[in-house]
Amino acid sequence: MSTTPDAAPLDDLHARVLDWYADHARDLPWRAPDRTPWGVLVSEVMLQQTPVARVLPRWLEWLDRWPTPSDLAAAAPGEAVRAWDRLGYPRRALRLHAAAVAIRDEHGGQVPAEHAQLLALPGVGAYTAAAVASFAFGQRHAVVDTNVRRVHARAVTGAAEPATALTAAEQRLAVALLPAEAPTAARWAVAVMELGALVCTARSPRCGDCPLLERCAWVLAGRPAHDGPARRGQAWAGTDRQVRGKLLAVLRAAADPVSATELAACWPEDRQRARCLDGLVADGLVEPLDDGRYCLPRT
DNA sequence: CACTCGTGGAT
DNA sequence: TATCCAAGAGT
């Protein structure tokens with residue numbers, strides 16, 4: 001029997017993660033065989049800064065109600081905001097609606113497969129463009145989200161946490177780690193992300209369940225603590241974000257336009273409430289009517 | 001590049 | 001109970 005030398009380190013890395021994914025991948029609807037590129041795009045936008053558990057029911061509703069980009073494009077943008085419910089960051093709903101309009105008008109109603117065309121869609125940045133090109137179309141792209149950055153930082157670089165912002169070095173590393181063949185690269189992309197989401201988590205990583213434990217640079221280095229600056233927590237109480245959320249919640253729940261008096265009930269400080277309402281109007285999330293009332297955008 | 005932009009479950 | 005933080009994008 002020939003003594004095959006150890007697989008090259010990169011092949012070993014790929015095999016460990018891909019084998020783990022084959023056994024532990026979650027059964028999510030946007031990964032199902034019958035998924036569409038539109039379904040993948042909707043899932044990626046909904047999942048921006050939002051947990052899977054909260055996205056699931058909204059994704060099912062959206063795809064049932066608007067199964068194609070043209071279906072959503074035909075609806076009023078305010079209906080997208082309303083159906084967004086409490087996923088948070090409601091501008092994403094507006095941008096997804098705008099993306100649907102662009103897909104209908106500029107791409108024949110089909111989600112484009114090219115990374116550059118995806119990137120040009122509203123609400124689609126570097127991550128989402130790569131994710132859709134990879135997950136929906138099986139292309140070879142470096143898909144770099146917070147999960148991937150964390151896995152790379154620990155398993156490869158040996159750091160407890162990635163830098164505050166995505167660096168050129170991280171991007172280069174992600175490209176260097178990509179398997180050569182597109183189908184494998186696509187599975188690798190989703191597999192690394194899944195590993196970061198389920199095992200190599202931010203708070204308390206489950207290293208005992210990790211396929212990379214024996215070769216994790218961070219573990220081998222003795223799990224050094226994070227040395228960079230601590231990420232500053234996001235304030236919430238009393239912020240404009242809280243006020244905007246309250247104002248929009250009232251408008252989402254209302255079947256008819258709402259008066260300024262009714263909106264005043266959700267926040268006592270006139271100055272801040274007015275500023276936030278103006279901001280929502282400027283963002284296109286709220287439409288002011290001639291009679292002084294407000295509603296979700298109808299056009 | 002630092003900052004803004006929601007929400008609610010987990011710890 | 002307070003803090004953390006979850007598949008980012010746009011400015």
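Throughout, a chain's letter reflects where its sequence line sits, starting with A, and its residues are numbered from 1.
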Contacts of A/Thr164 and A/Gly245 projected onto DNA chain B by closest heavy atom; the upstream (5') one is A/Thr164
Between C/dG8 and A/Arg149, is there an OP1 or OP2 to side-chain N/O distance shorter than 4.0 Å? no
Spacing of the P atoms in C/dA7 and B/dC5 (rounded, Å): 22 Å
Looking across every strand, which nucleic acid part, if any, lies under 4.0 Å from A/Gly125 by heavy atom: base, sugar-phosphate, or nothing? sugar-phosphate
Across the strands shown, which category fits A/Arg244 at heavy-atom distances under 4.0 angstrom: base, sugar-phosphate, nothing? sugar-phosphate
Is any side-chain heavy atom of A/Thr36 less than 4.5 Å from a side-chain heavy atom of A/Pro67? no
Just one of A/Trp59, A/Phe135, A/Trp62 clears the ring pair (Phe, Tyr, Trp, His ring centres under 6.0 Å) bar with A/Trp30, so which one? A/Trp59
B/dG6, C/dA9, B/dA10: which one has an atom nearest the side-chain heavy atoms of A/Tyr89? B/dG6
Given that A/Pro122 and A/Leu47 both sit by DNA chain C, which one's nearest nucleotide is further toward the 5' end? A/Leu47
What is the distance from CD of A/Glu194 to P of C/dA6, rounded to the nearest Å? 14 Å
When we call it a touch if two heavy atoms are under 4.0 Å apart, what does A/Val124 touch: a base, just sugar-phosphate, or nothing? sugar-phosphate
Just the rounded figure in Å: distance from C1' of C/dA6 to CE of A/Met46. 15 Å
Below 4.0 Å: OP1/OP2 of B/dT7 and any side-chain N or O of A/Arg252: yes
C/dG10, B/dC5, C/dA6: which one has an atom nearest the side-chain heavy atoms of A/Arg95? C/dG10
Does a distance-only test, which skips hydrogens and angles, find a donor-acceptor pair under 3.5 Å between the side chain of A/Thr50 and the base of B/dG6? yes
Kindly say if A/Gln49 contacts the phosphate of C/dG8, meaning a side-chain N or O under 4.0 Å from OP1 or OP2. yes
Classify the nucleic acid contact of A/Ala202 as base, sugar-phosphate or nothing, counting any heavy atom under 4.0 Å across all strands shown. sugar-phosphate
Distance alone, cut at 3.5 Å: any donor-acceptor contact between the side chains of A/Arg92 and A/Gln49? no
Just call it for A/Leu28: base, sugar-phosphate, or nothing, with non-hydrogen atoms closer than 4.0 Å on any strand. base
Between B/dG9 (P) and A/Leu56 (CG): distance, integer Å: 15 Å
If the cut-off is 4.0 Å, is A/Arg92 near the phosphate of C/dG8, judged by side-chain N/O to OP1 or OP2? no
Could you go through the side-chain hydrogen bond (donor to acceptor under 3.5 Å, both in side chains) check for A/Ser43 and A/Arg35 one step at a time? CA-CA 11 Å; A/Ser43 78; A/Arg35 73 184 177 217; over 6 Å; no
Starting from P on B/dC3, measure out to CG on A/Asp240 and report it in whole angstrom. 16 Å
Roughly how many Å is it from CD in A/Gln234 to C1' in C/dG8, rounded to a whole number? 12 Å
A/Arg86 vs B/dG8: side-chain N/O to OP1/OP2 distance below 4.0 Å: yes
Check whether the side chains of A/Tyr127 and A/Glu44 place a donor and an acceptor atom closer than 3.5 Å, and report yes or no. yes
Whole-Å distance between C/dA9 C1' and A/Leu87 CG? 16 Å
Taking the same atom, P, in C/dA9 and in B/dG8, what whole-Å distance lies between them? 23 Å
For a quick check of understanding: with a heavy-atom distance under 4.0 Å over all strands, which category does A/Ser204 fall into, base, sugar-phosphate or nothing? nothing
Cationic N near anionic O, under 4.0 Å, A/Arg31 to A/Asp27: no
May I ask you to decide whether A/Asp270 forms a salt bridge with A/Arg273, counting only side-chain N to carboxylate O separations under 4.0 Å? yes
Which is true for A/Ala53 with a 4.0 Å heavy-atom rule: it touches a base, it touches only sugar-phosphate, or it touches nothing? nothing
Whole-Å gap separating P (C/dG8) and OH (A/Tyr127): 7 Å
Mind calculating the distance between CH2 (A/Trp84) and P (C/dA9) to the nearest angstrom? 12 Å
So which nucleotide from C/dG8, B/dT4, C/dA7 ends up closest to the side chain of A/Trp30? C/dA7
Under-3.5 Å donor-acceptor pair between A/Arg54 side chain and B/dT7 base: yes
